[in-house]
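Both counts, for ligands and for their atoms, begin at 1 and track the order of listing.
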Amino acid sequence: MQTITSVSEMQSLAERLRIQGQRIGLVPTMGALHEGHLSLVKLAKEKSDVVVVTIFVNPTQFGPSEDFTKYPRVLEADLAACEAAGVDYVFAPEVEEIYPKGYSTFVIEEHIAKPLEGASRPAHFRGVTTVVAKLFNIARPHVAIFGQKDAQQVAVITKMAADLNFDVEIVVAPTLREPDGLAMSSRNRYLTNTQRVEALVINRALRKAVEMVASGECRVDRLIAEATHLIGQHRRVRIIYVSVVDRLTMEAIKGEITPGRAVMAIAVWVDEVRLIDNEIL
Ligand code: AMP
């Protein structure tokens, strides 16, 4: 495995690989890798010849009062995990390499990015689409893997890739969970044991919604009311949103869902830790 930090070096490598006829699989991450990330690597290995993992804590997707500076950075451990997972190249640039002084161009998806995360983190998706567009131009992947854990991110990136004619196949990997149901996340390491126990209600609320749909309850207000009620019983957990949206457009569904097309998306604060999760209904 080789670690690359320069944009031009990554671009030349991608060019060489393409000339050799190798299919490049990209897994963009912010590091602090867990099994969820490694499941994306596994999928990338199945779908491509050469796997590139990017590790970059992207400053433009964090708001001014968010956790950019305290976001976990454990590059040595991440490199070891990538090596063990059979990654071929890690692209881990410094911030100045991606955003040199005077940087001023951004990519904005104007519709799908608006609700949910977009409403509570206004500049978030502008940062995500910008960095992902840049990574597509730098690593020139044939296929890029993203996790369903970030359902809106998947929808926004899929739309951006189509709208901007990126010749990249977007593959979505299922959410990996801890045995107790908590969705794996780099931010879980912020949780104390008590907070972690409280956080389990997110998955319980989502599972309840899945069960309700399985037993024939398709009314959105009922699904949301039940999830909100369950979460409301936990003092430390504050709801940012509990929404049922179309899985492609992220538009709120009114009335009844069509099973398979809807997502229940939840964002909460557990004290000062912000967590998101979702399930396809
Ligand atoms: P992050 O490092 O949080 O930006 O995540 C990098 C990629 O890993 C994104 O595509 C995420 O959706 C995905 N990811 C994060 N957590 C999980 C998980 N628990 N299961 C599957 N994919 C995940």
So which protein heavy atom does [atom] come closest to, and at what separation?
atom: atom 22 (N) of ligand 1; value: Leu40 CD1, 3.4 Å
atom: atom 5 (O) of ligand 1; value: His37 NE2, 3.4 Å
atom: atom 23 (C) of ligand 1; value: Lys149 CB, 4.0 Å
atom: atom 11 (C) of ligand 1; value: Asp150 OD2, 3.1 Å
atom: atom 10 (O) of ligand 1; value: Gly147 N, 2.9 Å

(request) May I ask you to list the atoms of ligand 1 that are less than 4.0 angstrom from any heavy atom of Met184? (result) 16 (N), 17 (C), 18 (C), 19 (N)
(message) If the cut-off is 4.0 Å to any non-hydrogen atom of Phe146, which atoms of ligand 1 fall inside it?
(response) 10 (O)
(request) Would you mind telling me which of Arg207, Arg177, Lys149, Arg204 makes a salt bridge (Lys or Arg N to Asp or Glu O under 4.0 Å) with Glu279? (result) Arg177
(request) Check His34 against ligand 1 and report side chain, backbone, both or neither, counting heavy atoms closer than 4.0 Å. (result) side chain
(message) At under 4.0 Å between heavy atoms, is it the side chain or the backbone of Gln153 that contacts ligand 1, or both, or neither?
(response) side chain
Below the 3.5 angstrom mark, is there an N/O of [X], backbone or side chain, next to an N/O of ligand 1?
X: Leu176; value: yes
X: Met30; value: yes
X: Pro28; value: no
X: Ser39; value: no

Using distance only, find each side-chain donor-acceptor pair of residues 155-162 under 3.5 Å and give its atom names and separation, not counting sequence neighbours.
residue: Thr158; atom: OG1; partner: Val154; partner atom: O; Å: 2.6
residue: Lys159; atom: NZ; partner: Asp163; partner atom: OD1; Å: 3.2
residue: Lys159; atom: NZ; partner: Asp163; partner atom: OD2; Å: 2.8

(request) Just go through Pro174, Ala173, Ala151 and tell me whose heavy atom is the nearest to atom 21 (C) of ligand 1. (result) Pro174
(message) Looking at every non-hydrogen atom in both residues, tell me the closest pair between Gln152 and Ile112 and how far apart they are.
(response) NE2-O, 2.9 Å
(message) According to ring pair (Phe, Tyr, Trp, His ring centres under 6.0 Å), does anything in residues 136-179 pair up with another residue at least two apart or in another chain? List the pairs.
(response) Phe136-Phe166
(request) Using modelled atom types only, decide if a donor and an acceptor are shared between the side chain of Asp246 and the backbone of Glu251 within a distance under 3.5 Å. (result) no
(request) Check whether any side-chain N or O of Thr129 sits under 3.5 Å from a backbone N or O of Val107 as a donor-acceptor pair, and report yes or no. (result) yes
(request) Could you tell me whether Tyr71 and Phe62 have their ring centroids closer than 6.0 angstrom? (result) yes
(request) Go through the steps for Met30 and Arg73 under the test side chain to side chain contact (heavy atoms under 4.5 Å, CB included), then give the verdict. (result) CA-CA 8 Å; Met30 299 205 297; Arg73 289 163 173 85; over 6 Å; no
(message) Check whether Tyr190 forms a cation-pi arrangement with Lys70 (NZ or CZ under 6.0 Å from the six-membered ring centre, at most 45° off the ring normal).
(response) yes
